[in-house]
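What follows is a set of notes on a single structure, which appears directly below.
The first residue of the sequence shown is numbered 1, and numbering continues consecutively from there. Quantities reported herein were computed from a predicted structural model and do not represent experimental measurements.
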Amino acid sequence: PQGRAGLAGLSADLLTRGTTTRGAAEIASQIESLGASLSAGAGVDSGAVSLQTRTDRVEQAFTVFADVVRNPAFAQEELDRARQQALDGLQVALRQPGAIASMAMTRALYGETAYGGVASPRSLAAITTEDAASFHRMYWRPDTAVLVITGDVSADEGFALAERFFGDWQRPAGAAPAQPDASAHAAGVRTIVIDLPQTGQAAVAMGLRGVARTDADYFPLLVANNVLGGGYSARLNAEIRIRRGLSYGASSSLQARRAPGPIIASAQTRNDAAVQVYELMRAEIQRIATERVPAAELTARKAVLIGNFGRQIETTAGLAGQISTLALYGLPPERLGAYVADVTAVTPEQAQAAAQRYFDANRADVVVVGDAQHFYDRLRRV
C-alpha cells in the first residue's frame, strides 16, 4: 500500500515469529528438533512459506507449518524486532552503490505503481501490527493459495496431508482482492545520478520494460537476454570484465512476473570508468537489438539456461518452487516438462525479433551511483 512499502515482506517475516498458540522460540525449537527447516518471505507477486522435513516426521512438521500459515499472532514485540532487523539491513544497503542503484531503478521504471514500491525507513516505521494482520487476512487465503508437496510422497498421501491440515481452512466471505496495477511507469526516459562522495566504486545500470511470464515473447527474450548478459561468457561480461578489466562482473537480468517485469543490465566499476562502462553497455544493448545472434552462440547460451534449470529442479525444494511459480502465473504444472523444449525451439530469427522489440538503448532508464565528481560532467555530454 502507499506509504507502507515493505508490508508484504514484513508480514511474511512475522509468520514464523509466533502464532496464536506458539511463540517464536517454540516454533524454532520444534522445527529444529524435527531436523526440519521453515521459512517465509514475499516477492513482488506473491508470498510463500516453505517447509523441508524428513518424510518420517512430516505429520509433526506439518502441524507447525499449517499453524504458521493460518494463525500468525503478529505480536508487537516481534514486529518491533523484525522492523529493526529490516532497518538495519536497509541501513547497510544504503551505503552500497549497487543496492541504491537497484532501488532507484525500481522507481524509475515503475514509479508509484505496485511494482514501484521500495521500502524506506519511513515506510517501515509506519507499519503496525494491524497493518500486518489486515494484509494477512486479505491475501493469505485458501482460494488464492497453492500447496505443493514434493519428495518421497504418493499422490494419495499428499492429498491426505492437504485435507488433514488445510481442509477446514475457510476462505473469507468477500471476493479475493483484485491484482494491483503493475503496468510500466510512463514518466519518460531518465538518467539519474546519485552522488555518494568518497565512495570507492560506481554502480551503473540500464533498465527497460520487459514482458510478463505468460507473454509469447518470453522465451525468445529470455534467450536473447542470456546472450546479452546471462553469465560469465555472455557479451556484457566478456566486453566489460574479460576484455577490458573494468568490473568484477557485468550482467543483465530478465525478471519473470505476472505483469511485464524489468530488464536490467548492471555492473560496478571504478568511478572514473563509469561513463565508459555505460557506453559499452549501451553498445551491447543496441547490438543485440540490431544484429542476428550467430547460431553457435545462441546454442551455447541455450545450454546455459537448460543447465541452470536442471540444477534448480534436482532438489525437492527447487522442484516445489518451480511448480508453485507456474501456478502463480496460471500455468499448468505440465509446463515444467516443456521448459527445455521451449528454450531449444527459439530460433535466431525469433531471438532477434524479440530483441528488436524490447532492447532499445534509447528507451532505457539509466542510473549511476557513486562519487559523481568523477563522472557527472562527462555523463551529461554523452
Side-chain angles (χ1 to χ4, degrees), residues 3-13 39 41-45 47 82-127 182 185 187 190-210 225 229-231 236-237 240-241 246-257 261-275 277-278 281 364-376 379:
R4 298 290 193 277
L7 175 59
L10 206 57
S11 298
D13 189 16
S39 61
V44 293
D45 283 324
R83 185 193 346 257
Q84 189 57 55
Q85 290 173 343
L87 288 169
D88 290 345
L90 186 59
Q91 186 176 26
V92 172
L94 288 174
R95 294 197 294 264
Q96 300 173 346
I100 296 172
S102 177
M103 296 178 197
M105 184 61 76
T106 295
R107 295 308 297 268
L109 288 172
Y110 294 105
E112 298 293 333
T113 65
Y115 283 170
V118 176
S120 68
R122 180 180 298 176
S123 71
L124 291 173
I127 294 170
H185 187 47
R190 289 180 290 177
T191 297
I192 300 169
V193 172
I194 299 175
D195 186 22
L196 292 181
Q198 300 182 336
T199 299
Q201 287 196 326
V204 182
M206 295 182 68
L208 293 156
R209 291 81 169 164
N225 182 73
L236 285 176
N237 199 67
I240 294 172
R241 174 182 176 171
L246 295 174
S247 176
Y248 285 114
S251 62
S252 177
S253 64
L254 168 66
Q255 297 188 25
R257 295 184 180 178
I263 304 168
I264 301 176
S266 61
Q268 286 197 195
T269 187
R270 306 187 317 268
N271 283 292
D272 64 319
V275 177
V277 166
Y278 160 68
M281 197 178 286
D365 288 298
V366 179
V367 176
V368 185
V369 183
D371 194 343
Q373 64 177 321
H374 296 287
F375 56 78
Y376 183 78
L379 185 63

Check the pair I192, V366 against side chain to side chain contact (heavy atoms under 4.5 Å, CB included), reporting the backbone distance first and the verdict last. CA-CA 6 Å; I192 300 169; V366 179; over 6 Å; no
Of the non-hydrogen atoms in L94 and M103, which two are nearest, and what is the gap between them? CD2-SD, 3.9 Å
Shortest non-hydrogen contact from V367 to A104? CG1-CB, 4.0 Å
Indicate the atoms forming the closest heavy-atom contact of G3 with A126, along with that distance. O-CB, 3.9 Å
Supply the atom-to-atom distance L254 CG to I263 CD1, rounded to the nearest 0.5 angstrom. 5.5 Å
Any salt bridge between D365 and R209, counting N to O under 4.0 Å? yes
Output for pair (Q85 CD, L124 CG), nearest 0.5 Å, gives 12.0 Å
Distance from M105 atom CE to L208 atom CG, nearest 0.5 Å? 8.5 Å
Over all atoms of both residues, closest heavy-atom pair of A93 and A99: O-CB, 3.4 Å
Side chain to side chain donor-acceptor pair (under 3.5 Å), that's the test. Do T199 and D371 meet it? Break it down for me. CA-CA 6 Å; T199 299; D371 194 343; over 6 Å; no
Taking C-beta and beyond as the side chain, do P262 and Q255 meet within less than 4.5 Å on heavy atoms? yes
Candidate pair V44 and R257, rule side chain to side chain contact (heavy atoms under 4.5 Å, CB included), full reasoning: CA-CA 8 Å; V44 293; R257 295 184 180 178; 3.4 Å; yes
Salt bridge (Lys or Arg N to Asp or Glu O under 4.0 Å) pairs, two or more places apart, involving residues 87-101: none
Heavy-atom nearest pair, L236 first then S252, reads CD1-CB, 3.9 Å
Could you pull out the closest heavy-atom pair between V193 and A372, with the gap in Å? CG1-CB, 3.9 Å
Would you call L87 and P121 a side-chain contact if the rule is heavy atoms closer than 4.5 Å? yes
Can you check whether G98's main-chain N or O pairs, donor with acceptor, with S102's side chain at less than 3.5 Å? no
Does the R107 side chain pair with the main chain of G116, one donor and one acceptor, at a distance under 3.5 Å? yes
Quick one: does R241's side chain have a donor or acceptor within less than 3.5 Å of a partner on A250's backbone? no
Quick one: does any side-chain atom of S247 pair with a main-chain N or O of G249 as donor and acceptor, under 3.5 Å? yes
Apply side chain to side chain contact (heavy atoms under 4.5 Å, CB included) to the pair V368 and Y278, showing each step before the final yes or no. CA-CA 9 Å; V368 185; Y278 160 68; 5.5 Å; no
Is the shortest side-chain heavy-atom distance between L196 and P97 below 4.5 Å? yes
Hey, what do you get for CD1 (I264) to CE (M206), rounding to the nearest 0.5 Å? 12.0 Å
When rounded to the nearest 0.5 angstrom, what distance separates CD in Q96 from CD in Q91? 11.5 Å
If we ignore hydrogens and angles and just use 3.5 Å, is the side chain of S123 paired with the main-chain N or O of S120 as donor and acceptor? yes
Any side-chain heavy atom of V204 within less than 4.5 Å of one from Q268? no
All ring-ring contact (aromatic ring centres under 6.0 Å, His included) counterparts of Y115, not counting sequence neighbours: Y110
Between R270 (side chain only) and G200 (backbone N and O only), is there a donor and an acceptor less than 3.5 Å apart? no
